[in-house]
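Along the sequence shown, the residues carry numbers beginning at 1. When a ligand or atom number is given, it counts from 1 through the structure's own listing order.
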Amino acid sequence: MSTGKFYITTPIYYVNDRPHIGHAYTTILADVLARFHRSLGDDTFFLTGTDEHGQKVQNAAEKRGVPPLRHCDETVVRFQDLGKRLGITNDRFIRTTQEFHKKVVQAVLQDLYDRGEIYRAEYTGWYCVGDERFFTEKDLVDGKCPECGREVTAIQESNYFFRMGKYRDWLVDYIRNHPEFILPEFRANETLGFLRQELGDLCISRPKSRLAWGIELPFDKDYVCYVWFDALINYISGVGYLQDEKNFARWWPASCQLIGKDILTTHSVYWPTMLKAIGLPMPRTIFAHGWWLTGNTNMSNSLGNVVDPMAMIDRAGVDAFRYFLMAEMTLGNDANFSEDGFIARYNSDLANDLGNFVSRVNKLVLRATSGPIPAPGKLEPEDGELLGAVKKAAETMASSLKTMKLDAGIAAVLNAVRAGNRYMEKCAPWVLAKEGKTERLHTVLFCSAELLRQTAVLLAPVMPEKMAQLSATLGYAPGEIGTIGDLFVKPGDLAGRIMKETEPLFPRILVEDKACCAPAPEKKPAEKEEKPANLISIDEFFKAELKTAKILAAEAVPDADKLLKLQIDVGGRPRQIVAGIAKSYTPDSLVGRTIVVVANLQPAKIRGIESCGMLLAAKSGKELKLVTVDGEIASGSSVG
Ligand code: MSP
């Protein structure tokens, strides 16, 4: 199964941005692909990082009154923390402000300059600060930036240029002769369309008088390097170019360079021509994925409609979030993110189909054997059908990796799980147990557990934590269950392993309470082992969803001297709660305060008035104080 080496990159993110679902998506996608390739036995390297030079960073640092590098040091942690929360297994995190990277960029610039690939010339044109790009008069659309529609500034200055234009014909031929170079195919066509017009040379310098925050040109200290020229070089500096040639030869050319559709031209035109001039081979594939939209419009921090990945993880867990992003988006196309869509897929694929199947198999094996997974007896046609469906799912998953159709691979595994649920209904192992048909019972239980074993292996790259939990349930020590590659070459080793009792893997999300998006509290099984009364696990704690809420209105409840009826706002959604705080607070004193509420409490009627949630307060004797937050924070923020 192994195809040898796999080097995957993500774009490096502007350190200024607040990470949102778009950034999380590319990084998770790269992580899933890296994990899959490791699981197939490929020698894998995964690079991600941050883009830290340029006008936007300089402006943001100036606005905060801090030096640019300090600004970068303080903001880069957002991306590093997000990576940790998402379970990202990158081998290196590169920052373009690191000394080794700056040295490589300078060496590349000097070499290209010495060989006449970079020259100096007068430039007159239009500059977009937002995109940090120059445009000619004819590029402009209604006098504005053709990329983002913002105002452009007329600029006349002396600058350095990379002879990009002379590579146009070569690039057109290369794209035509290498159908895997730019994917999906329609993005290759888009690039060829762009190359139909004349290709100009690329301005690769900025005078320090206008922009000081960048890598100094080695041949002219009055200039810094254009941020895109610097940033693209991360893909080679990050694996040792000009520093560790052995390592570089091991990884370059990259196998897969993931990008979003908005940065196609820089990657499909600037980058290949730069590599050609440097004298390096092309990456095998540059893959442009689509965008996540909200309400079918673009997401942006300025529109305030971005989906915060941290909040999604807090609500539903990291693996459910990873699963949704991978299963929902057909690679290459745009997809819409909505909470309804997320809950619907979670409840149907994970809670109903997979989660239920795991619970059923778990309970039935424990009931039948008290632990050991039985060996199968003679296989009947329906057993062969089920095992055949699993095998097909494994093949589809492996081939979907090559064709970058991850959603199809995941769907194939889920279809096999659904076949498992139908198999169970058909074979009715509970009836076999009652009738004492032990051999048949054991065969059915074995085949069902085998489906779970392969599912745990196949979905591990997408849901590493949950699938590790499933493997442990099936009696495997961490890492022992094997790889996707093993599924094709090694026989299974499930019979005789000791099944362990499991908690539900994917507790259902209550649709009624979708604003909370929190797993419903599980009923405690009667036979559960006693725990010390005052200890709870972190999972139990997180079942209570604590959120900030703003009090919009408050009034006394007639004939109840302790109660107040509060109208509150939780993340843009109005709610009503009834609270026993009338002895400590007057209604007027409460309006406008930000309090903390348990947001996923089942609604209850108090004195006939509906109360959806509970506020938190500290109490000592008769004294009561509301739990509030330190400073301003949006209502609906998670607390924990
Ligand atoms: N710094 C440059 C990349 C330099 S690579 C040498 C950059 N950074 S970015 O932070 O603005 O964007 C990084 C990636 O996030 C891009 O691939 C972009 O397409 C992706 N996304 C930003 N918003 C997105 C969505 N709403 N959905 C999916 N991905 C999106 O560009």
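- No salt bridge links Glu117 with Lys276; every basic N to acidic carboxylate O contact stays at or beyond 4.0 Å.
- Both cation-pi conditions hold for Lys56 and Tyr14: the charged atom is under 6.0 angstrom from the six-membered ring centre and inside a 45 degree cone around its axis.
- Of all non-hydrogen atoms in Cys225 and Val105, the two that sit nearest each other are SG-CG1, 4.2 Å.
- Residue Tyr223 forms a ring-ring contact (aromatic ring centres under 6.0 Å, His included) with just one option from Phe229, Tyr160, Phe161, and that option is Tyr160.
- No donor-acceptor pair under 3.5 Å is formed between the side chain of Trp292 and the backbone N or O of His20.
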Show me the short polar-atom pairs for ligand 1: any N or O of it lying under 3.5 Å from a protein N or O, with distances only.
residue, atom, partner, partner atom, Å
ligand 1, 1 (N), Ile12, O, 2.8
ligand 1, 1 (N), Asp51, OD2, 2.7
ligand 1, 10 (O), Tyr14, N, 3.2
ligand 1, 10 (O), His23, NE2, 3.4
ligand 1, 17 (O), Gly260, N, 2.8
ligand 1, 19 (O), Asp262, OD1, 2.4
ligand 1, 19 (O), Trp291, NE1, 3.2
ligand 1, 26 (N), Trp292, O, 3.0
ligand 1, 27 (N), Trp292, N, 2.9

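- Relative orientation of the Tyr235 and His267 rings is tilted, given thresholds of 30° and 60° on the angle between their planes.
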